[in-house]
Protein chains: 2
Amino acid sequence: MKQAITRRQLQPPNKQAAVFQHVRRAHQMEATEDYVELIDDLIACEGEARLVDMARHLGVSQPTVSKTLARLQREGYVNSQPYRSIFLTPKGKKLAISSRKRHDIVFKFLIAMGVSEATAKRDSEGLEHHASAETLHAFNNFIESRSRTASG
Amino acid sequence: MKQAITRRQLQPPNKQAAVFQHVRRAHQMEATEDYVELIDDLIACEGEARLVDMARHLGVSQPTVSKTLARLQREGYVNSQPYRSIFLTPKGKKLAISSRKRHDIVFKFLIAMGVSEATAKRDSEGLEHHASAETLHAFNNFIESRSRTASG
DNA sequence: TAGAAAAGTTAGCCTATGCTAAGTTTATTA
DNA sequence: TAATAAACTTAGCATAGGCTAACTTTTCTA
């Protein structure tokens, strides 16, 4: 098989720096998005979001969740009284909805690509935070063209 | 348009926790992978990897690079004498090669999906760290089937 | 080759996210 | 309802990765 050779080429420093800065910014939002998405899911499925359940689902300790929730509250994503369950503010709810939408697109896309469900679940959790609107749009087109082919 | 409704369903706590733990682990490797990849590129394109160029390409300050390089040296990925240029250990070189391979697959895949070059560059930098072997394999199949269609 | 500029280091600060241990509040149950 | 258990918070620690300021070393150049 002929292997395409990609000529190694460095980007101009400022261009590449902009890319890395963009990734770091996305990265700062990751925990926030995971948290609000989980809170929204817990409220939808269990009736309320308790810290102990968040810790169990996230695989971290309760104090870690407590500390991160304090930041989210400070930043206006969530609302909660001490020792009580957690609520999303409108801003948090909005972020939860858009995060879930992206997550779903990435998940369905991976399934459409023939990836196993277990891997799709795992990878979509990491990938969702780094797919731009343009990429998500391309993924969505692919999903829709596949579902047309499959059903029509 | 009929919109597919995904029934909201929480994963079992331990299953979801495993996913998040996996993402956190991948996340810890991100900086390491970006650094060794960049060092390898700088050596290939400029003849040597200097800290100042790394800082410029990464978009961070020199002390930040210095600190992270100290960790990478501690962990056996790089080698360097004070005030001198930076070298990859065999372990670092191996990681650089596999990171670059993943990066290339993700980039080419996005291009094959019809995403613009600018977006593909940007997104591939974030996505590369979160695509499993299975997903990369699926991406690669897609690239190859497209290049067959295009050229044959 | 001396002085200036560039590169690299060190010190000290910050935030985010992990942890355990210990204490407080709330909920359960005997 | 009193005791226990569960949930939550607080304190204190660690690491990673950001930063600026100040210092040292190396390199360049006049």
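What you are looking at is a predicted structure, and each value in this text was computed from that prediction instead of being measured. Both backbone and side-chain heavy atoms feed into the values below; hydrogens, waters and symmetry mates do not. Chain A is the first sequence line, chain B the second, and so forth, proteins listed ahead of strands; every chain is numbered from 1.
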Q | Residues clustered with L136(B), ILVMFWY side-chain links under 4.5 angstrom | A | I105(A), V106(A), F109(A), L110(A), M113(A), V115(A), L127(A), L136(A), F139(A), F142(A), I143(A), I105(B), V106(B), F109(B), L110(B), M113(B), V115(B), L127(B), F139(B), F142(B), I143(B)

Q) Under 4.0 angstrom, heavy atoms only, what part of the nucleic acid is P82(B) near: base, sugar-phosphate, or nothing? A) sugar-phosphate

Q) What's the CG-P distance between L69(A) and dT10(D), to the nearest Å? A) 12 Å

Q: Look only at the side chain of H57(B) and the backbone of D53(B), and say whether a donor-acceptor pair between them is shorter than 3.5 Å.
A: yes

Q.
Using the side-chain heavy atoms of Y83(B), tell me which of these nucleotides is nearest: dT25(D), dG17(D), dT27(D).
A. dT25(D)

Q. Atom CZ of R24(B) to atom C1' of dG17(D): distance rounded to whole Å?
A. 18 Å

(Q) If you assign T32(A) and S85(B) each to the DNA chain C nucleotide with the nearest heavy atom, which residue ends up on the more 5' nucleotide? (A) S85(B)

Q: Take atom CE of M29(B) and atom P of dT15(D), then tell me their distance rounded to the nearest Å.
A: 18 Å

Q) If only side-chain N and O atoms of S66(A) are considered, is one of them under 4.0 Å from the OP1 or OP2 phosphate oxygen of dT9(D)? A) yes

Q | Those residues that, when tested against H129(B), pass ring pair (Phe, Tyr, Trp, His ring centres under 6.0 Å) (two or more places apart) | A | none

Q) Once you round it to whole Å, what is the distance between C1' of dT25(D) and CG of L51(B)? A) 14 Å

Q.
Between Q62(B) and R50(A), which residue's closest nucleotide on DNA chain C lies nearer the 5′ terminus?
A. Q62(B)

Q) Is the side chain of R24(B) donor-acceptor paired with the backbone N or O of G59(A) at a distance under 3.5 Å, no angle test? A) yes

Q: For R71(B) and dA14(D), give me the distance from atom CZ to atom P, rounded to whole Å.
A: 18 Å

Q. Rounded to the nearest Å, what distance is computed from the CE atom of residue M54(B) to the C1' atom of nucleotide dG17(D)?
A. 14 Å

Q) Within this structure, what is the NZ-to-C1' distance between K67(A) and dT10(D), rounded to whole angstrom? A) 10 Å

Q) Checking D123(B) side chain against S132(A) main chain: does a donor-acceptor pair fall under 3.5 Å? A) yes

Q | Ion pair check, E117(B) and K121(B), cut-off under 4.0 Å | A | yes

**Q.** Range on DNA chain C touched by chain B, heavy atoms, distance below 4.0 Å
**A.** dA7(C) to dG18(C)

Q. Do the charged groups of D104(A) and K101(A) touch, with an N to O distance under 4.0 Å?
A. no

Q. Nearest to the side chain of T64(B) - dT20(D), dT9(D), dG18(D)?
A. dG18(D)

Q: Would you kindly give the CG-to-P distance between D53(B) and dT27(D), to the nearest whole Å?
A: 14 Å

